[in-house]
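Atom set for the values below is all heavy atoms of this structure, side chains included, hydrogens, waters and symmetry mates excluded.
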Amino acid sequence: MQKREQGKSGGSAGGGAAPPAKRGRPFGSGSSSASASASAADSAAPSTLLGPSLHVHNSFADQNNKRIVLAIQSGLKSELTWALNTLTLLSFKEKDDMRKDATPLAKIPGLLDALLQVIDDWRDIALPKELAKSTRVRTLGANSVVTGFGNEYEALGSTGAHHRPGVGSGSAGTESTQHSGVTRSRFTELWLDEDGLFNLDDEGRAEKQQCAVAASNIIRNFSFMPDNEVIMAQHRHCLETAFQCIEDHLVEDDELVTNALETIVNLAPLLDLRIFSSSKPSFIKITEKRAVQAIMGMLESAVKAWHCAAAELLGRLIINPDNEPFLLPFFPQIHKRLIDLISMPALDAQAAAIGALYNLAEVNMDCRLKIANERWAIDRLLKVIKTPHPVPEVCRKAAMILESLVSEPQNRSLLLAYENAFAEILFTDGRYSDTFARILYELTSRPNNKVATARGIWGM
């Protein structure tokens, strides 16, 4: 809203005063050349645009990519906030936006690892309080006020007033009071200021969590860019962090879990689960079995966005034959849950489940047999076609699943009970008449089908 009003005022008054510095940026950044270029582009944006729009100078990312990475790695709240805000804007892309100058940000050296470190830092401290780490003897920096081991909050005191203990025998903090008589803000107070490091109290943990969620949102935005897919799908640390987040979905932040799951879904067509047993360096030790179990946890979830995304993820993973050995032990659970999703009134859940079953039915004979023998499977597939589902492609895939099932001789005795239903769709719905004609042909014209032969001879 602020940018839209700024664009209107710039267009009506022909320009104006320089915009104030963005919140979270270092002091004086509002007058920098990169900021001036960005504000000039914003002022030139037409006021008729709907929704958020961003016009960034072409050279902004090239000139500041190293600074962004260093700001994330610094651990300072102000620098990290500025970097995350900048990356959120740069990685955002509207649905119909055809930006030719969009920078593949995942190709910036060290950027993806720096963002993953923000999430890992939060994951390291995101433990229940009853599982607090035991105290350890610290000898390095024992005479220092701030040691860097995470004890700054206790060292400085938890009361409202800043407590400044002496450093060694002659404290620098006490010297400032003795010489001048006026208490000065020395370096010890800086750790509790806005520009300091994160504390480990409740407020500091909340800030860490917000930064982790913002970093996961940026990584999710990266995964939508085709230039980043190959790099991210082959980045073991990225996949391990995402799978660990969805594995701990019961205790982790919901938005962080959703971003991690959507990232994996976007990378699924290029994802090979064997990467978790490859020679690439591992950070979290996620195995192929744990990864599939994490997906199953999402599939069994009651949250619609999660089980829909998990169903779509399984449908994309099974396309790669290298992933089949890891998914095969979970096929009975997968089939049952997907067929349960078809019965739900949510249309997107039905679409995701049928899309996954469509790919699973093409895997091997065992999958087709298990789907056909699953209770209510054929009834629910027919219901989607008869209702019908508002997306014609979903109905077409449901009909194709039935055609795949009837191709197995062991399934024909089960499907013969639905011959009248198949014939009804054949004569009433021209969109799927060809598919159901082939289904009826498979049921009644095969010489190895004794029931069909008897029906043809005796006219039953």
Side-chain angles (χ1 to χ4, degrees), residues 299 304 307-309 311-312 314-316 318-319 331 334-460:
L299 187 64
K304 184 178 71 172
H307 59 238
C308 289
E312 186 176 356
L314 289 170
R316 295 184 180 186
I318 201 62
I319 296 176
F331 274 175
I334 294 174
H335 295 152
K336 187 178 187 310
R337 178 57 176 167
L338 292 179
I339 292 170
D340 288 341
L341 292 181
I342 297 177
S343 63
M344 291 186 175
L347 298 177
D348 46 357
Q350 294 179 4
I354 289 178
L357 285 173
Y358 175 77
N359 291 336
L360 290 172
E362 299 297 326
V363 173
N364 53 31
M365 178 186 68
D366 188 55
C367 278
R368 291 187 284 271
L369 294 178
K370 289 179 179 178
I371 294 175
N373 285 275
E374 193 67 44
R375 190 180 183 185
W376 310 117
I378 301 173
D379 296 271
R380 289 169 180 172
L381 289 171
L382 287 173
K383 184 178 179 180
V384 171
I385 300 173
K386 290 180 178 180
T387 302
H389 194 280
V391 181
E393 181 66 14
V394 176
C395 298
R396 186 190 71 83
K397 286 186 176 181
M400 295 295 291
I401 293 172
L402 293 172
E403 185 178 0
S404 297
L405 298 182
V406 80
S407 64
E408 296 297 332
Q410 296 93 322
N411 291 336
R412 290 173 192 157
S413 60
L414 296 172
L415 294 171
L416 271 174
Y418 299 90
E419 183 180 8
N420 292 336
F422 296 157
E424 180 183 355
I425 298 176
L426 170 65
F427 292 112
T428 57
D429 196 337
R431 294 174 297 179
Y432 316 112
S433 57
D434 292 343
T435 302
F436 282 93
R438 291 192 296 268
I439 291 175
L440 291 172
Y441 174 79
E442 290 284 341
L443 285 176
T444 58
S445 300
R446 290 290 185 180
N448 58 349
N449 193 333
K450 297 180 181 179
V451 178
T453 304
R455 294 169 65 91
I457 294 175
W458 301 106
M460 294 189 300

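Side-chain contact between Arg380 and Asp340 is present, with heavy atoms from C-beta onward closer than 4.5 Å. Here the side chains of Leu369 and Asn411 are in contact, with some heavy-atom distance below 4.5 Å. The shortest side-chain heavy-atom distance between Ile425 and Leu382 falls under the 4.5 Å cut-off. Side-chain contact between Cys367 and His335 is present, with at least one heavy-atom pair separated by less than 4.5 Å. In this structure, the side chains of Arg412 and Pro409 come closer than 4.5 Å at one or more pairs of heavy atoms. Counting only heavy atoms from C-beta outward, the side chains of Arg337 and His307 approach each other to under 4.5 Å.
Glu403 contributes atom CD, which lies 10.0 Å from atom CG of Asp434 (distance to the nearest 0.5 angstrom). Annotation: the span from Leu426 atom CG to Glu419 atom CD amounts to 11.0 Å, rounded to 0.5 Å. Considering CG of Asn359 and CD1 of Ile354, their distance stands at 12.5 Å, rounded to 0.5 Å. Once rounded to the nearest 0.5 Å, the distance linking CD1 of Ile371 with CD1 of Ile401 reads 6.5 Å. Here the CG atom belonging to Leu415 is positioned 7.0 Å from the CG atom belonging to Leu402, to the nearest 0.5 angstrom. A distance of 12.0 Å separates CD1 of Ile339 from CZ of Arg375, quoted to the nearest 0.5 Å.
The residues Lys336 and Glu374 are annotated as not salt-bridged, no charged nitrogen and carboxylate oxygen being separated by less than 4.0 angstrom. One finds no salt bridge joining Asp429 and Lys386 here, because no Lys/Arg side-chain nitrogen approaches an Asp/Glu carboxylate oxygen to under 4.0 Å.
Arg368 contributes no side-chain N or O that, together with a main-chain N or O of Leu405, makes up a donor-acceptor pair within less than 3.5 Å.
Nearest heavy atoms, Tyr358 versus Met400: CE1-CB, 3.5 Å. Looking at every heavy atom in both residues, Val384 comes nearest to Cys395 through O-SG, 3.7 Å. The shortest heavy-atom contact between Gly315 and Ile318 is O-CG2, 3.4 Å. Phe436 and Ala399 make their closest contact through CE1-CB, 4.0 Å (heavy atoms, listed as atom of the first residue, atom of the second, distance). Nearest approach of Leu440 to Phe422, heavy atoms of both residues: CD2-CB, 3.8 Å. When all heavy atoms of Ala351 and Val394 are compared, the pair lying nearest together is CB-CG2, 3.7 Å.
Between the side chains of Glu442 and Ser407, not a single donor N or O lies within less than 3.5 Å of an accepting N or O.
When the shell of 6.0 Å around NZ of Lys383 is examined, it contains 12 or fewer heavy atoms from other residues, nucleotides or ligands.
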Verdict with reasoning, Leu299 to Leu341, per side-chain contact (heavy atoms from CB on, under 4.5 Å):
CA-CA 10 Å; Leu299 187 64; Leu341 292 181; 4.2 Å; yes

Which is it for Trp376 and Ile342 under the side-chain contact (heavy atoms from CB on, under 4.5 Å) test, yes or no, and what are the steps along the way?
CA-CA 10 Å; Trp376 310 117; Ile342 297 177; over 6 Å; no

